[in-house]
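Since the structure comes first, as structure tokens, the remarks are kept for the end.
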Amino acid sequence: MSETVLVTGGAGYIGSHTALALIAAGHKVVVIDNFVNSKPDALVEVSEMTGHEIVIVEGDARDPKLVEHVLVDNDVNAVIHMAALKAVGESVEMPLEYYGNNLETAISTLGAMRNAGVWRFVFSSSATVYGDPESNPIPEGAGIGATNPYGMTKEMIEVIVRDLAASDDRWKITALRYFNPVGAHESGRISEAPVGKPNNLMPMIMEVATGKRDKVMVFGDDWPTPDGTGVRDYIHIMDLVEGHVAAVEHLENQSGYDVFNLGQGKGVSVLELIRAVEQATGKTIPYEVTTRRTGDIAECVADPTKANEVLGWRTTRSIDQASTDAWNSQQS
Ligand code: UD1
């Protein structure tokens, strides 16, 4: 069945790829975004690529009347809530802004949905809610404990939507815990384009590959991992966004609240990712080992079994593919 899906904060890296995947699966897309960390360009590109219009509303999801109008005017059936501030370091420096923005945006969107009679909600959560996990791979039932304000907002919103779903059985709510999304659509026409200095590893490697920076600083080679560098579960962005489509389509048959990991289930070290990009680009990526970054952990890898079984979703793309696609998206 074709759904009309509102994606809050949908103009960013994950949102624009999600719009593409939703349209490819036959759904309609409406986006509300305040463009503080993005531009409408990627969505315009997605419209051109697919030949389908995306309704783009510039505005703040903290404005419940605006969101209610957008829901009603477009006959929206489901909401994917991505609107949030997302820089971990900044969240430590500006906790009020992070708690204020991220919690208010979620609560306001949910209130607008209730007023409009829209009950299906998919929340962009993060593996960051696991904090420093006791063991890997991590199943959804593992202990929770975010270690910074950004992660705490994800954890708190998970609690809010769980309680909301328990309060009224019309709600159907899914939280998706993302591991580390990388890469781009195979066309290379939309990409991850962080504003300012990248925080995350893949965009940093790309800036070295394109010559914008001299080398990658590797944050420690004394971690308890096979090569001493940090291990993460890098998931191709197209696999991640296909997980969103599966989650939206599954909501109809779901009751109440549920939570899923979106990851490959495979650990990759910093040096392995650098080598994958070297293979994909034919370029040498210089790096220098430096001290550990505050707040980092050794390893964070998903157990994606639940999403595989319940959502009928699985990843199909490798980190080599993600490296090739990330590189192509930098070229175009
Ligand atoms: C970070 C956030 C996490 C967020 C996720 C996705 C922190 C502490 N965590 O996770 O909350 O959900 O991004 O956006 O910021 N690395 C380097 N050099 C670099 C950059 C990274 O060696 O220049 C290493 C890191 O130490 C880590 C790995 O690369 O081992 C991945 O780092 P990153 O891409 O920042 O993601 P996470 O730390 O997993």
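We count residues from 1, following the sequence as given. Counting starts at 1 for both ligands and their atoms, following the listed order. Bear in mind that the values here come from a model prediction, so they are computed numbers and not experimental data. Note: hydrogens, waters and symmetry copies are ignored here, and every other heavy atom, side chains too, is used.
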Looking at non-hydrogen atoms alone, which of [options] comes nearest to [atom]?
atom                    : options                : value
atom 34 (O) of ligand 1 : T290, L201, V208, T229 : L201
atom 15 (O) of ligand 1 : I274, V88, I205        : V88
atom 22 (O) of ligand 1 : F219, W223, Y234       : F219
atom 32 (O) of ligand 1 : R293, R213, R232       : R293

Side-chain contact test, heavy atoms from C-beta onward, threshold under 4.5 Å: evaluate it for [X] versus [Y] and give yes or no.
X    : Y    : answer
D63  : S108 : no
R120 : E252 : yes
D33  : I56  : no

Closer than 4.0 Å to some heavy atom of [X] - which atoms of ligand 1 meet that?
X    : value
V218 : 22 (O)
M204 : 23 (O)
N199 : 20 (C), 35 (O)
N180 : 36 (O), 37 (P), 39 (O)

Among all the protein's non-hydrogen atoms, which is closest to [atom], and how far away is it?
atom                    : value
atom 11 (O) of ligand 1 : T128 OG1, 3.0 Å
atom 24 (C) of ligand 1 : V270 CG2, 3.6 Å
atom 26 (O) of ligand 1 : D296 OD2, 2.5 Å
atom 12 (O) of ligand 1 : S126 OG, 3.1 Å
atom 4 (C) of ligand 1  : Y150 CE2, 4.2 Å

Practice task
State whether K28 and D75 are salt-bridged, where the test is any N-O pair (Lys NZ or Arg NE/NH1/NH2 against Asp/Glu carboxylate O) under 4.0 Å.
Solution key: no
Problem - Charged N-O contact under 4.0 Å between K65 and E68 - result: yes
Exercise for the section: Taking atom types as modelled, find out whether S125 and E158 have a side-chain donor-acceptor pair closer than 3.5 angstrom. Expected result: yes
Problem - Distance-only donor-acceptor check, side chains Y98 and E90, under 3.5 Å - result: yes
Problem - Cluster overlap L164 with V67, hydrophobic side-chain contacts below 4.5 Å - result: yes
Problem - hydrophobic_cluster_shared for V218 and L273, side chain cutoff 4.5 Å - result: yes
Completion exercise
Checking heavy atoms under 4.0 Å, the part of Y178 that sits near ligand 1 is neither
Handout entry: Mode of N200 contact toward ligand 1 - side chain, backbone, both, neither (heavy atoms, under 4.0 Å)
Key = both
Exercise for the section: Just say parallel, tilted or perpendicular for the rings of F121 and F123, cut-offs at 30° and 60°. Expected result: parallel
Exercise for the section: Count the heavy atoms of every other residue, nucleotide or ligand shown that sit under 6.0 Å from CG of D41, and state whether that count exceeds 12. Expected result: yes
Exercise for the section: Return a yes/no value for M217: is any of its N or O atoms, backbone included, closer than 3.5 angstrom to an N or O of ligand 1? Expected result: yes
Exercise for the section: Answer yes or no: does an N/O atom from T294 fall short of 3.5 Å to an N/O atom of ligand 1? Expected result: no
